[in-house]
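Presented below is the structure to which this report refers.
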Amino acid sequence: MPEKNEALKQLANQEYQYGFVTDVEEDRLPPGLNEQVVRQISSKKNEPAWLLDFRLKALRRFLEMLEEKNEPTWAQVDYPSIDYQNIIYYSAPKTPVELESLDEVDPELLRTYEKLGISLEEQKRLSGVKVAVDAVFDSVSVATTFKSELEKKGIIFCSFSEAVETHPDLIREYLGSVVPYSDNFFACLNSAVFSDGSFAYIPKGVHCPMELSTYFRINASGTGQFERTLLVADEGAQVSYLEGCTAPMRDENQLHAAVVELVALQDASIKYSTVQNWYPGDKNGVGGIYNFVTKRGACRGARSKISWTQVETGSAITWKYPSCILQGDGSIGEFYSVAMTNNCQQADTGTKMIHLGKNTKSTIVSKGISAGRGQQSYRGLVRIGPKAEGARNYSQCDSLLLGDECGAHTFPYLEVKNPDATVEHEATTSKIGEDQLFYCRQRGLSEEDAISMIVNGFCKEVLRELPMEFAVEAQNLLSVSLEGAVG
Amino acid sequence: MLEIKNLHANAGDEPILRGIDLEIAAGEVHAVMGPNGSGKSTLSNILAGRPGYSVTHGEVLYAGQDLTQLEPEERAREGIFLAFQYPVEIPGVSNNYFLKASVNAVRAHRGEPELDAMEFLALSQEKMKAVDMPADLMNRSINEGFSGGEKKRNEVLQMLLLEPQLSILDETDSGLDIDALRVVAQGVNSLRSPDRAMLVITHYQRLLDYIVPDRVHVLSAGRIVRSGGKDLALELEEKGYGWIEEASA
């Protein structure tokens, strides 16, 4: 027993590998949240009046909620209260935004990406696997690749700010259409102060020929990060989008409140994959990112499909429920999740599947791994509306505990208003087995490798949903060796 | 190869082995028989280094070195293999991946180059034939949903892949029908050689019809109460364990 605990602790105590800080000159606003700040953000980005209006409505609602003390408290997470007036709401590296090639990018930034293992040059040169990267550094996009190839197909993939200038009609039509500005406390904050993010539009009938990906990175001390992502797949379109994050080591907590909106029209399909590895804080829970994210997809058209896959290993606090609104008849929603909490990390994560259309189908597979003193909750809502004849849901929530100081909790909510629906829920909680460990060790594997292998096996159903490129990153993050079939 | 001297050992806090002396030379196959609760499994667990089992007195030397000082994985890499009485299921980890990792861990320790996927495939296909194992078992999760016979074949397959110096078979015959028993025994016999040794732990004489031992030891209440040639097993089968216990009392 003591030996096992030692190895578990060692694994759990691994230092955050990506803890470095890049020295880049910054353009930032003073801390605080008020109309002037919002107007400044909007004017720095040359935004049209309607967008400023959207922000201001959100700001007013947010300030009301702040006044009413409406910050959500129902999640099973514990953190000191946040002073929203002491946060810097805008910071951008002083680098020209519109660049023709990578040569024009601040070499310091490129070195940062290289440390993260994201070499744009490499990716360009890669034959076969093409990954377009709209790399977000702090809040402003600095490099976009493969754009011309995408343009040939009529695919729009650019930073959110750029899209506001070049495709204002699309933004105006879809922004806030899935997550209204007043949706929840953190989405409301984001709607007021979002700085940048990504936008993608896949036209009718087009299958996006490459994985779209964005690497987010938080790099300015005391800066909140408020990304806004909007993806629209028009009728019959298909796209796979990858999002991955690492952040440098910091001593103070950093607030992150992103909003991601997905829209799938008739017969369209969106696959959205995330590997999240933000700084989780140190062993004693000092520092780390507060990750309060609103992610939601609307399956608007018949037979449309939205699939979320996430591997969450980072952040001090994770509050995140990627959801699907299944409006179109026969539409499909999926949620595959691996969440790992170590040391003092806390995660309250899950999904919402809202069945509105007939014969809608949803699948939820959630794998939670807790180590150290990590606390983890699965919170999921399955709602079957009165008109959702023949709706089906399958939910599976498994928790794996490493050691005896961590915790796992499951909060499934079911609201079924149509008697014709089928809803299944399975949940398990297990401890990593002493027998399993010994079996592996008796075959010559080190204890650490054995733990990795068992954890990896536990997550397999989710990992195999990831695109190849991400499977590799997920493998590193879970410190496991992946099975040949997956990566 | 293996020298056990006056071994006393506990399972948890409970004393189980009370003075075992046993010497197995290279090339020999020894059988340990005994009634339930006599300490057979404790002996195999002590040799493999299972957590929760501790040596309280005596010595265990393997190839001249003190075995009790080695971690379980070090023992495995040094060539000690335990075929489990109850092979463990590991969901989501394919048998193929696990066995390749295992073979390569042992090869790396021996200073041999690791096998790549193709080389391992060739090797595993060859060995699978020897234990008559269906190909799809390699792609399924380790032992998950395997029948009792498939699990035991899988143990012997691992043994053939790892080519251990000292193989310990812990009631490998339990739960096997006669055909499976024959296949398993064939696999084990194919590994017999002048430089390997085996310790076959069994409750019944039946297995020893197929894996013929050089020596048979009878364990009772944590001690070896009688040792002899292969005929001892037959005598035991005929007269039952009560005969030994009475005789040694």
Side-chain angles (χ1 to χ4, degrees), chain A residues 1-8 10 336 338 365 367 369 396 398-400 426 428-466 471 474-475 478 480-487, chain B residues 12 44-45 47-53 70-110 116-118 120-121 139 141-144 154-155 158-159 161-162 164 168 170:
Chain A
M1 272 310 271
E3 288 170 27
K4 189 185 82 176
N5 278 339
E6 208 39 56
L8 286 176
Q10 236 173 41
Y336 297 96
V338 168
V365 178
K367 303 280 183 176
I369 303 145
Q396 183 193 331
D398 300 322
S399 306
L400 186 67
E426 289 176 24
T428 66
T429 300
S430 51
K431 271 195 150 187
I432 201 158
E434 187 126 337
D435 287 352
Q436 292 175 328
L437 277 181
F438 178 61
Y439 190 67
C440 294
R441 294 176 76 191
Q442 213 301 306
R443 296 301 183 253
L445 303 177
S446 70
E447 187 161 31
E448 196 173 297
D449 288 347
I451 291 168
S452 290
M453 193 182 273
I454 294 165
V455 165
N456 178 46
F458 173 76
C459 300
K460 188 180 183 181
E461 284 160 282
V462 174
L463 296 181
R464 71 175 169 213
E465 293 295 324
L466 287 172
Q475 159 192 5
L478 295 173
V480 296
S481 334
L482 260 190
E483 307 217 24
V486 181
Chain B
S44 65
N45 285 326
L47 293 176
R50 186 178 204 122
Y53 291 81
L70 300 181
E71 293 292 328
E73 57 268 36
E74 291 169 328
R75 301 181 197 201
R77 292 170 195 164
E78 288 285 337
I80 293 181
F81 179 91
L82 172 63
F84 282 61
Q85 184 178 1
Y86 304 108
V88 177
E89 300 184 1
I90 306 180
V93 181
S94 86
N95 210 24
N96 184 64
Y97 180 80
F98 175 65
L99 298 192
K100 179 165 165 272
S102 166
V103 165
N104 280 334
V106 172
R107 287 181 68 94
H109 180 74
R110 290 180 190 155
D116 66 24
M118 292 312 290
F120 181 74
L121 183 71
N139 298 322
S141 294
I142 303 164
N143 292 323
E144 200 182 34
N154 199 24
E155 293 295 292
Q158 296 180 37
M159 185 174 146
L161 284 167
L162 293 171
I168 304 156
D170 191 358

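Proteins get letters first, then strands, A, B, ... in listed order; numbering begins at 1 in each. What you see is a predicted model, and the numbers here were worked out from it, not measured in a lab.
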Would A/Y439 and B/N143 count as a side chain to side chain contact (heavy atoms under 4.5 Å, CB included) here? Give the steps. CA-CA 11 Å; A/Y439 190 67; B/N143 292 323; 3.2 Å; yes
Step-by-step side chain to side chain contact (heavy atoms under 4.5 Å, CB included) determination, B/V93 to A/N456: CA-CA 7 Å; B/V93 181; A/N456 178 46; 5.7 Å; no
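Nearest heavy-atom pair across A/I454 and B/I90 is CG1-CG2, 4.1 Å. In terms of heavy-atom proximity, B/A76 sits nearest to A/G444 at CB-N, 3.5 Å.
Between the A/Q442 side chain and the B/A83 main chain, no donor and acceptor come within less than 3.5 Å of each other.
The part of B/E89 that comes within reach of chain A is its backbone (N, CA, C, O), which places non-hydrogen atoms under 4.5 angstrom from that chain. Contacts between B/R75 and chain A at a heavy-atom distance below 4.5 Å are absent for every atom of the residue. Contact annotation for B/Y86: neither backbone nor side-chain heavy atoms come within less than 4.5 Å of a heavy atom of chain A. Contacts between B/P164 and chain A at a heavy-atom distance below 4.5 Å are absent for every atom of the residue.
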Side-chain atoms of residues 98-106 of chain B: list all donor-acceptor pairs with protein atoms under 3.5 Å, sequence neighbours left out, distances to 0.1 Å.
residue: B/S102; atom: OG; partner: A/R443; partner atom: O; Å: 2.8
residue: B/N104; atom: OD1; partner: B/L115; partner atom: N; Å: 2.7
residue: B/N104; atom: ND2; partner: B/L115; partner atom: O; Å: 3.1

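Applying the side-chain contact (heavy atoms from CB on, under 4.5 Å) test to B/P91 and every residue at least two apart in sequence or in another chain returns A/Q436, B/E144.
The shortest side-chain heavy-atom distance between A/L437 and B/P51 does not fall under the 4.5 Å cut-off.
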